[in-house]
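Working notes for the structure below.
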There are 2 protein chains.
Amino acid sequence: MISIPVLTLKRLPQYLELLYGFEQEGQDTISATRLAELTGVHMTQVRKDISLTGVVGTPKVGHKIKDLIESIESCLNWKDLSSAFLVGVGRLGSSLLGYSELKRKGLNIVAGFDSDPSLAGTLVDGVIVHSMDKFANLCQRMKVHIGILTVPADQAQSTAELMVASGILAIWNFTPTLLQVDENIIVEDVDMSASLAVLSRRLSEKYDHDSKQISKIDNYKNKTDQEKQ
Amino acid sequence: MISIPVLTLKRLPQYLELLYGFEQEGQDTISATRLAELTGVHMTQVRKDISLTGVVGTPKVGHKIKDLIESIESCLNWKDLSSAFLVGVGRLGSSLLGYSELKRKGLNIVAGFDSDPSLAGTLVDGVIVHSMDKFANLCQRMKVHIGILTVPADQAQSTAELMVASGILAIWNFTPTLLQVDENIIVEDVDMSASLAVLSRRLSEKYDHDSKQISKIDNYKNKTDQEKQ
DNA sequence: GTGCATTCGATATTAAAATATCGAAATACT
DNA sequence: AGTATTTCGATATTTTAATATCGAATGCAC
């Protein structure tokens with residue numbers, strides 16, 4: 001199985017999102033050119049990305065939306081459900097348990113786990129919550145290989161170690177902690193801090209505020225508003 | 001102000017996370033070499049990243065941890081607080097309201113907004129929640145320029161438009177929707193789908209399952225376990 | 001103090017990603 | 001039917017990011 005570049009993988013769900021919309025609107029085909037316009041990705045890049053999923057289009061027409069969806073979904077292995085355990089049923093954790101879109105993206109959270117014993121046995125959005133000491137056993141018995149990590153930062157590393165010891169092969173890490181695990185464990189960070197870093201810096205770069213941020217930004221805003229008129 | 005590459009910006013919070021840890025342990029200095037070991041980033045890359053923040057180290061010793069933290073934080077503009085409004089006080093939204101770490105990352109959520117009128121006037125983690133119709137007015141009066149978008153997907157685009165019309169300059173977007181807004185509005189996506197896409201694909205690539213996923217993975221697991229012994 | 005090991009930081013090389021170019025195929029228009 | 005236009009998809013170029021190399025500076029051991 002060929003290795004698809006990370007950056008391509010990260011763009012594929014963007015295309016999918018648009019394609020679902022077009023499908024609902026009853027559209028039948030879409031061109032890479034149009035996808036490029038809507039995503040801001042260069043059109044040759046869109047073509048490359050699409051060709052990596054293995055689908056072919058027809059000149060002058062574009063791609064059949066159904067085929068494209070099918071191709072991207074199967075490329076991402078979103079067509080059949082993988083079971084996952086979620087550890088840390090706080091607000092972030094439980095918002096994931098209630099996020100039904102995950103099932104459309106190949107992820108089936110079959111149980112939650114939390115160190116708070118009062119949660120044990122309860123249902124959160126229809127998902128059973130167990131105490132932590134059940135994790136290893138259930139993980140092996142149910143052959144679950146994906147772990148979702150939504151615990152507080154100070155428990156992240158130890159929980160990750162428990163996961164790996166229990167047979168988890170891939171960790172979807174929502175904590176800011178840099179996990180130190182065996183190198184053939186797949187760790188994928190949902191890195192809020194990274195995203196915030198980009199936002200903060202871009203804002204600084206654009207409005208170049210040294211001390212009186214707000215007023216400078218407001219001046220800028222007024223100026224550009226005037227220019228528009 | 002120089003433009004720092006996105007990929008560097010995304011690595012900086014990782015370094016910070018480690019540095020906070022070292023600081024607490026009472027360490028005084030750290031080498032780029034050591035940071036490279038811990039993050040998996042190449043050591044010359046770490047040096048480049050660090051030099052972009054404008055700090056200099058001393059040969060044989062490394063960098064003073066205090067200086068490095070200071071330098072990265074000010075580079076990301078995390079040293080002084082920026083006010084932000086959050087729209088969509090669901091579980092994801094309220095988990096952000098309760099996430100005190102954001103203040104350490106320069107972000108001060110001063111109010112929440114929700115279309116559910118029963119939430120108006122309530123406090124969530126000490127943050128006041130308003131009804132949506134107050135947004136534009138408060139945004140202008142309080143000169144808030146950062147909007148956090150945690151609404152359901154079908155309200156994402158319209159909410160973003162309201163934000164922009166109200167004077168928001170940067171949107172931190174937690175929805176899977178590709179926002180279509182004026183090009184000089186900064187949009188930064190926290191892209192869960194992108195991250196899941198990478199995880200799913202990497203898992204597929206590694207265990208190359210065509211039909212009987214689980215058993216194949218388990219076979220692989222057993223095999224590698226045996227190899228280790 | 002002198003030599004040695006370590007680390008910085010600048011420059012050079014390599015690798016990868018993004019963009020541009022171009023021919024071929026398919027449809028629509030004349 | 002023939003031509004023009006759009007779009008695909010392959011190849012080539014450019015740009016950017018990652019890695020390697022190397023000299024200089026610093027501290028430590030002797």
Side-chain angles (χ1 to χ4, degrees), chain A residues 2-12 14-15 18-19 22 27-72 75 191 194 197-198 201-202 205, chain B residues 2-12 14-15 18-19 22 27-72 75 191 194 197-198 201-202 205:
Chain A
I2 64 152
S3 171
I4 294 183
V6 200
L7 294 169
T8 294
L9 289 176
K10 292 193 174 188
R11 283 188 293 262
L12 291 178
Q14 278 187 36
Y15 305 144
L18 289 170
L19 292 170
F22 294 140
Q27 249 182 276
D28 203 49
T29 57
I30 185 79
S31 69
T33 320
R34 182 92 188 98
L35 281 176
E37 280 170 24
L38 290 166
T39 54
V41 176
H42 200 278
M43 89 186 158
T44 55
Q45 191 64 62
V46 175
R47 295 226 174 87
K48 264 192 197 164
D49 290 342
I50 287 175
S51 86
L52 280 167
T53 71
V55 83
V56 287
T58 55
K60 178 77 182 184
V61 177
H63 297 265
K64 291 197 80 171
I65 288 178
K66 256 191 72 187
D67 290 357
L68 246 187
I69 291 179
E70 169 95 14
S71 179
I72 295 177
C75 175
D191 207 335
V198 178
R201 175 73 191 188
R202 291 288 176 252
E205 284 173 3
Chain B
I2 65 151
S3 171
I4 295 184
V6 200
L7 294 169
T8 295
L9 289 176
K10 293 194 172 185
R11 282 187 294 262
L12 290 179
Q14 277 186 39
Y15 304 144
L18 290 170
L19 292 169
F22 294 140
Q27 251 184 275
D28 203 49
T29 58
I30 185 78
S31 68
T33 320
R34 183 90 188 100
L35 281 176
E37 280 171 25
L38 291 165
T39 55
V41 176
H42 200 277
M43 87 184 159
T44 55
Q45 192 63 63
V46 176
R47 295 224 176 88
K48 265 192 197 166
D49 290 342
I50 286 175
S51 86
L52 279 168
T53 73
V55 83
V56 288
T58 55
K60 179 78 183 179
V61 177
H63 298 264
K64 291 197 79 170
I65 288 178
K66 254 190 77 190
D67 290 356
L68 245 189
I69 290 179
E70 168 98 11
S71 179
I72 295 178
C75 175
D191 208 335
V198 178
R201 176 71 190 190
R202 291 286 176 257
E205 284 172 4

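Computed from heavy atoms alone, side chains included, the values below leave out hydrogens, waters and symmetry copies. In what follows, chains are A, B, ... by sequence order, proteins preceding strands, each numbered from 1.
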(request) Round to the nearest Å and state the distance from A:Asp49 atom CG to C:dA17 atom C1'. (result) 11 Å
(request) Round to a whole Å and report the spacing from NZ of A:Lys48 to C1' of D:dT15. (result) 12 Å
(message) Using a heavy-atom cut-off of 4.0 Å across all strands, would you classify A:Val56 as base, sugar-phosphate, or nothing?
(response) sugar-phosphate
(request) Give A:Thr44 one of three labels, base, sugar-phosphate or nothing, depending on what nucleic acid heavy atoms sit under 4.0 Å from its own. (result) base
(message) Check this for me, if you would: do B:Lys66 and B:Glu70 make a salt bridge, where the nitrogen-to-carboxylate-oxygen distance has to be below 4.0 angstrom?
(response) no
(request) Calculate the interatomic distance between B:His63 atom NE2 and C:dT6 atom P; express it in whole Å. (result) 17 Å
(request) May I have the distance from A:Leu52 (atom CG) to D:dG9 (atom P), rounded to whole angstrom? (result) 12 Å
(message) Looking at A:Thr29 and A:Gly62, would you say the former's side chain and the latter's main chain have a donor-acceptor pair under 3.5 Å?
(response) no
(request) Determine: side-chain N/O of A:Arg47 to OP1/OP2 of D:dG9, distance under 4.0 Å, yes or no. (result) no
(request) Whole angstrom is fine here: how far is it from CD in B:Gln45 over to C1' in C:dC8? (result) 16 Å
(request) Please report the C-alpha distance between B:Ser3 and A:Arg202 in whole Å, then the side-chain angles of each, then the deciding distance to 0.1 Å, and finally whether the side-chain contact (heavy atoms from CB on, under 4.5 Å) criterion is met. (result) CA-CA 8 Å; B:Ser3 171; A:Arg202 291 288 176 252; 4.0 Å; yes
(message) Can you tell me how far apart CD1 (B:Ile72) and CD (B:Gln14) are? Round to the nearest 0.5 Å.
(response) 11.0 Å
(request) Counting heavy atoms from C-beta on, name the nucleotide in D:dA18, D:dA12, C:dT7 closest to the side chain of B:Thr33. (result) C:dT7
(message) Could you tell me how far apart A:Met43 (CE) and D:dA10 (C1') are, to the nearest whole angstrom?
(response) 14 Å
(message) Quick check on DNA chain D: between A:Ser51 and A:Pro59, whose nearest nucleotide comes earlier from the 5' end?
(response) A:Pro59
(message) Please confirm whether the shortest side-chain N or O distance from A:Arg11 to OP1 or OP2 of C:dA18 is below 4.0 Å.
(response) yes
(message) Between B:Ser31 and A:Lys60, which residue's closest nucleotide on DNA chain C lies nearer the 5′ terminus?
(response) B:Ser31
(request) Only one of B:His42, B:Lys48, B:Arg47 passes side chain to side chain donor-acceptor pair (under 3.5 Å) with B:Thr44; say which it is. (result) B:His42
(message) Just the rounded figure in Å: distance from P of C:dT19 to CG of A:Leu7.
(response) 11 Å
(request) Would you kindly compare A:His42 and A:Val61 by the position of their nearest DNA chain C nucleotide and give the one closer to the 5′ end? (result) A:His42
(request) Round to the nearest Å and state the distance from A:Lys64 atom NZ to D:dC8 atom C1'. (result) 17 Å
(message) So B:Arg34, base contact, sugar-phosphate only, or nothing? Heavy-atom distance under 4.0 Å.
(response) nothing
